[in-house]
Amino acid sequence: MKIRHYATGALAVNTYLAYDDNNKGFIVDPGGYDQRMAQFIQENSIDAEYIILTHGHCDHIGGIPKLQEVFPEIKVVAHEDEKEMLADAYMNSSVEFFGRPVSVNADIFVKDGDEMEIGEMKLKFIHTPGHSKGGMCIYCPEDQVCFSGDTLFRASVGRSDLYGGNWDVLASSIKNRLYKLPEDTLVLPGHMGETSIGFEKRYNPFVQDRDS
C-alpha cells in the first residue's frame with residue numbers, strides 16, 4: 001500500500017490517497033477538493049474507486065461533490081449509522097462551520113466487521129462510535145495501517161460534544177477496539193500527525209491501557 005497525505009478543506013483535515021502497485025486506490029475523508037491530489041490521480045492513471053469516510057462531519061466530506069464531478073465513477077462508503085448525519089447539513093455542522101449546506105448520499109453503507117478488497121489491499125471496518133454515532137476506523141491488517149478519523153489522535157482523542165458524540169462511548173471504542181490492534185499498527189488520524197497503537201496505549205493522557 002502506498003499512501004499520500006493532503007491537508008484539505010477549511011479545517012485542514014488529513015485526507016489520504018491509498019493505492020497499490022496496480023494503481024487501484026481509494027480516498028479517505030476528503031475535507032475539501034485538492035487539485036494536487038486530483039492531478040496526481042490523473043497523471044498516474046490511478047483508479048480511485050472509492051471515497052471512504054471515517055465519519056460524516058463537514059470537515060471530512062466537503063470535497064466529495066467536486067470529486068464526484070471529476071471522477072464520476074467513484075463511490076462513497078460510510079458506516080450505516082452515519083446515514084442521517086451525512087444527509088443533514090445541520091447535524092454534520094456544515095451550515096455552522098462553512099456557512100453553506102453540504103450533504104452526501106453514500107453509495108455503500110457498511111457495518112462493524114465488514115471487509116472490502118480494493119485491488120491488492122484488504123480493508124476491515126471497525127465501528128468506533130463516540131465522536132459520532134457512525135464513526136469508524138479503516139484497518140488494513142496486511143499493511144498494519146489504521147485510518148482512525150477523529151476517534152484517536154496522537155496523544156489526544158476526538159471531541160465528544162458534537163451531535164452523536166458521547167465521551168464514555170468514545171473511550172470504550174478506543175480502549176476496547178483500537179487498543180486491541182497490534183502495537184506496531186501505524187495510526188493515520190483525521191487531524192495532527194501519525195502515531196502508533198503502542199504509543200497511544202502507553203502515553204495517551206485521555207485513554208490509557210493499564211495493562212500495557
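Quick caveat, the model's predicted, so the values are computed rather than measured.
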Verdict with supporting geometry, Tyr50 and Met116, side chain to side chain contact (heavy atoms under 4.5 Å, CB included): CA-CA 11 Å; Tyr50 301 98; Met116 175 180 285; 4.2 Å; yes

Stepwise side chain to side chain contact (heavy atoms under 4.5 Å, CB included) test for Val76 and Asn105: CA-CA 8 Å; Val76 178; Asn105 293 314; over 6 Å; no

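Ser172 places no side-chain N or O within 3.5 Å of a backbone atom of Asp168 that could act as its donor or acceptor partner. Without hydrogens or angle criteria, Asp20 side chain to Asn22 main chain gives a donor-acceptor distance under 3.5 Å. Side-chain N or O atoms of Asp88 include none that pairs as donor or acceptor with a backbone N or O of Glu84 at under 3.5 Å. Judged by distance alone, with hydrogens and angles left aside, the side-chain atoms of Thr128 form no donor-acceptor pair with the main-chain N or O of Ser173 at under 3.5 Å. A distance-only check finds no donor-acceptor pair linking the side chain of His60 to the backbone of Asn14 [under 3.5 Å]. Between the side chain of Asn166 and the backbone N or O of Gly130, no donor-acceptor pair lies under 3.5 Å. Checking side-chain atoms of Glu200 against main-chain N and O of Ala155 turns up a donor-acceptor pair under 3.5 Å. In this structure, Ser93 contributes its side chain and Phe97 its backbone to no donor-acceptor pair below 3.5 Å. Here the side chain of Ser132 pairs no donor or acceptor atom with the backbone of Gly164 at under 3.5 angstrom. Between the side chain of Tyr16 and the backbone N or O of Pro189, at least one donor-acceptor pair lies under 3.5 Å.
Note: Phe199 and Tyr203 have tilted aromatic rings, judged against thresholds of 30 and 60 degrees for the angle between ring planes.
Rounded to the nearest 0.5 angstrom, Ser103 OG and Ile64 CD1 are separated by 10.0 Å. His55 contributes atom NE2, which lies 9.0 Å from atom CD1 of Ile61 (distance to the nearest 0.5 angstrom). Between Asp107 atom CG and Gln68 atom CD the span is 7.0 Å, to the nearest 0.5 Å. Atom-to-atom distance recorded for Glu73:CD and Lys75:NZ is 6.5 Å, nearest 0.5 angstrom. Annotation: the span from Ile197 atom CD1 to Tyr139 atom OH amounts to 8.5 Å, rounded to 0.5 Å. Note that the CD1 atom of Ile126 and the OG1 atom of Thr151 stand 10.0 Å from one another [nearest 0.5 Å].
Between His131 and His57 there is a side-chain heavy-atom pair separated by less than 4.5 Å. Here the side chains of Arg202 and Gln208 are not in contact, with every heavy-atom distance at 4.5 Å or above. Residues Tyr19 and Arg4 form a side-chain contact, since some pair of their non-hydrogen atoms from C-beta on lies under 4.5 Å apart. Thr8 places a side-chain heavy atom less than 4.5 Å from the side chain of Val13. Considering only heavy atoms from C-beta on, Met136 comes within 4.5 Å of Val110 through its side chain. For the pair Met91 and Leu86, the minimum side-chain heavy-atom distance is 4.5 Å or more. Counting heavy atoms from C-beta on, the side chains of Asn204 and Thr195 never come closer than 4.5 Å. Residues Phe26 and Val77 have side chains not in contact (no heavy-atom distance under 4.5 Å, counting atoms from C-beta outward).
Phe206 and Ile174 fall within the same hydrophobic cluster, where Ile, Leu, Val, Met, Phe, Trp and Tyr residues are linked whenever their side-chain heavy atoms come under 4.5 Å apart, directly or through other members. When the side chains of ILVMFWY residues are joined at heavy-atom separations under 4.5 Å, either directly or via intervening members, Phe71 and Leu53 end up in a single hydrophobic cluster. Placement of Val102 and Ile51 within a single hydrophobic cluster is found when ILVMFWY residues are connected by side-chain heavy-atom separations under 4.5 Å, directly or transitively. By the rule that hydrophobic residues join a cluster once side-chain heavy atoms approach within less than 4.5 Å of another member, Val70 and Ile74 end up as members of one cluster. No chain of hydrophobic side-chain contacts below 4.5 Å, direct or via other Ile, Leu, Val, Met, Phe, Trp or Tyr residues, connects Leu186 to Leu17.
By the neighbour-count criterion of 12 heavy atoms within 6.0 Å, atom CG of Asp161 is densely surrounded, having more than that number from other residues, nucleotides or ligands.
Arg154 and Gly193 get closest at one heavy-atom pair: CB-O, 3.7 Å. Among all heavy-atom pairs drawn from Arg177 and His127, the shortest one is NH1-O, 3.3 Å. For the residue pair Gly134 and Asp81, the shortest heavy atom distance occurs at CA-CB, 3.7 Å. Shortest non-hydrogen contact noted between Val187 and Ser148 is CG1-OG, 3.4 Å. Heavy-atom minimum distance, Cys137 versus Cys146: CB-SG, 3.8 Å. Closest of all the heavy-atom pairs between Met85 and Asn92 is O-ND2, 3.2 Å.
A donor atom on one side chain and an acceptor atom on the other are found under 3.5 Å apart for Thr54 and Asp29.
Remark: Arg36 fails to qualify as a cation-pi partner of Tyr6 under the 6.0 Å distance and 45° angle criteria applied to the six-membered ring.
Using a 4.0 Å cut-off between charged nitrogen and carboxylate oxygen, Glu117 and Lys24 do not count as a salt-bridge pair. One finds no salt bridge joining Lys111 and Glu80 here, because no Lys/Arg side-chain nitrogen approaches an Asp/Glu carboxylate oxygen to under 4.0 Å.
Aromatic ring centres of His79 and Phe125: separated by at least 6.0 Å.
Residues satisfying the ring pair (Phe, Tyr, Trp, His ring centres under 6.0 Å) test with Tyr163, not counting sequence neighbours, are none. For Glu43, the side-chain hydrogen bond (donor to acceptor under 3.5 Å, both in side chains) partners are Gln39, not counting sequence neighbours. Shown here are the side-chain contact (heavy atoms from CB on, under 4.5 Å) partners of Asp143, two or more places apart in sequence or in another chain: Met1, Cys140, Val145.
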